[in-house]
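A short write-up of the structure that comes next.
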Amino acid sequence: MSVLGDISPEQFLAEYWQQKPLVVRGAFEDFEAPFTPEELAGLAVDSDAPSRIIVEHDLPPEKQRWQTKHSPFTDEDFTTLPDTHWTFLINDLERYVPELGNLIEPFRFIPDWRIDDLMVSYAANQGSVGPHTDDYDVFLIQGMGKRRWKIITREDYPKATIPDISLSILAEFDADQEWLLEPGDMLYLPPNVPHYGIAEGECMTFSVGFRAPSKQELLQAWVESFSAQAEFKQRFSDAGRQMSASPGEISRDDIKKLSAMIINSIQSQPGFLQNNLGLWLGKYLTETRGDTLAPLDHDALQSGRYQYNPKVEYERESWLRFGYIEDETPALQKTNTSENVRIHFFADGQHTVLPIKYKKTIQMLCSDYFYTAGSLSVLMQDTDFNSLFERLVAEGGLYPVQPGQKD
Ligand code: SIN
Ligand code: CO
């Protein structure tokens, strides 16, 4: 049985994804959290995983009801908590507990670039983060204990949030559907569905969260990708300027010159000209978040220390994002033979182009996190790929494992 119960991934995408909630009982039937709540608190204290503790107080005024504290934490933050009505949440959990990749794996019929992170919440009895909406799709998997989920499906619900608090919590919440989720059950929610999950007894919930960049994020990142180049430091210049008759006027001539600075800068970008921002998107969508990569030791890199060894197995860190784009050389599209088609491989924002004959191996490289001895040998014939590979090993995103040493 799939985690979607008797619904196929095709049917899920056609009828539910981004459209309506779905509850699947027993989606992860045999799942057991690989840690105790105490070990989870230990992870929040000892690692730099982004974490929050949210306590709900029952005293007025309303704006002091919800109290949030962000990591870093000490043991004391956990030992001083009340008996009930609190929860703590850890984001990017897949980086710290890679074996939890098995909670993400079943959703990879949605491409990797669309997946954001795995979050876990542990709640004492009655703990919650309050009623709210999220901008992203989420699969909420009940890992331990029970949680009551209430949602609002109608569009015309009161949208006001409690003012002056750091969390975005709906001031009113009148649910029209609810379910009590038990271990292994799952609730899928599309973006913007108001929801409220309250622990009944202590419980643990895992959330597979998705990534949906806003126009603002895309635009900012794209402009940032080229505007740091030296030519963009060039300033406005106006030798031979005519006298201004009125100090307040911003003349048509000045507007024309300033506008040209913006428009020419954008139009000079190759992706923009070819009406294809694919290569930039490939880099952007595979960039590693935070400063996860080890600093590059160029001498060690030169020495060949990180060279591919066909006799050993390699493993990929869960945070190292790979992706590919299949491309046709536009000028050759009419005489389409397989030599015209190339494959663009992206890893941590870096790009390399390979002949299409490597497609199957690139697909395997992107799907898997563990590579058997020699399985990447064929790609090493390409010198650009070879140096990208060495760089990824040097930065710690890929690492060799002696055969038989896995786990
Ligand atoms: C939780 O796990 O408590 C919160 C998850 C959510 O509501 O998005
Ligand atoms: Co939520």
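Numbers here simply count residues along the sequence, with the first being 1. As the structure is a computational prediction, the values presented were derived from the model and not from experiment. Hydrogens, waters and symmetry mates are skipped; everything else that's a heavy atom, side chains included, is used.
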Taking atom types as modelled, find out whether [X] and [Y] have a side-chain donor-acceptor pair closer than 3.5 angstrom.
{"X": "Glu313", "Y": "Thr372", "answer": "no"}
{"X": "Thr133", "Y": "Asn192", "answer": "no"}
{"X": "Asp176", "Y": "Thr153", "answer": "yes"}
{"X": "Tyr306", "Y": "Arg391", "answer": "no"}
{"X": "Tyr157", "Y": "Asp174", "answer": "no"}

How are the rings of [X] and [Y] set to each other: parallel, tilted or perpendicular (split at 30° and 60°)?
{"X": "Phe346", "Y": "His351", "value": "parallel"}
{"X": "Phe88", "Y": "Trp86", "value": "parallel"}
{"X": "Phe31", "Y": "Phe28", "value": "perpendicular"}
{"X": "Phe12", "Y": "Phe139", "value": "tilted"}
{"X": "Tyr308", "Y": "Phe389", "value": "perpendicular"}

For Val208 versus Leu103, what's the shortest heavy-atom pair and its separation?
CG2-O, 3.8 Å
Taking all atoms of both residues into account, what is the closest heavy-atom pair of His195 and Val193, and its distance?
ND1-O, 2.8 Å
Donor-acceptor pair, [X] side chain versus [Y] backbone, under 3.5 Å?
{"X": "Thr87", "Y": "Tyr122", "value": "yes"}
{"X": "Asp185", "Y": "Gly26", "value": "yes"}
{"X": "Asn276", "Y": "Gly278", "value": "yes"}
{"X": "Asn264", "Y": "Ala260", "value": "yes"}
{"X": "Ser367", "Y": "Met364", "value": "no"}
{"X": "Asn386", "Y": "Met380", "value": "yes"}

Salt-bridge contact [X]-[Y] (side-chain N to carboxylate O under 4.0 Å):
{"X": "Asp117", "Y": "Arg95", "answer": "no"}
{"X": "Arg65", "Y": "Glu56", "answer": "yes"}
{"X": "Asp254", "Y": "Arg241", "answer": "yes"}
{"X": "Arg289", "Y": "Asp116", "answer": "yes"}
{"X": "Arg148", "Y": "Glu200", "answer": "yes"}

Nearest-0.5 Å distance, CG of residue Asp83 to CG of residue Asn125:
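It comes to 9.5 Å.
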The reported gap from CH2 in Trp319 to CG in Asp348 (rounded to nearest 0.5 angstrom) is 7.5 Å
With a cut-off of 6.0 Å (strictly less than), are more than 12 heavy atoms of other residues, nucleotides or ligands near CD of Glu172?
no
Could you go step by step and tell me if Tyr314 and Asp368 meet the side chain to side chain donor-acceptor pair (under 3.5 Å) rule?
CA-CA 11 Å; Tyr314 282 84; Asp368 296 354; over 6 Å; no
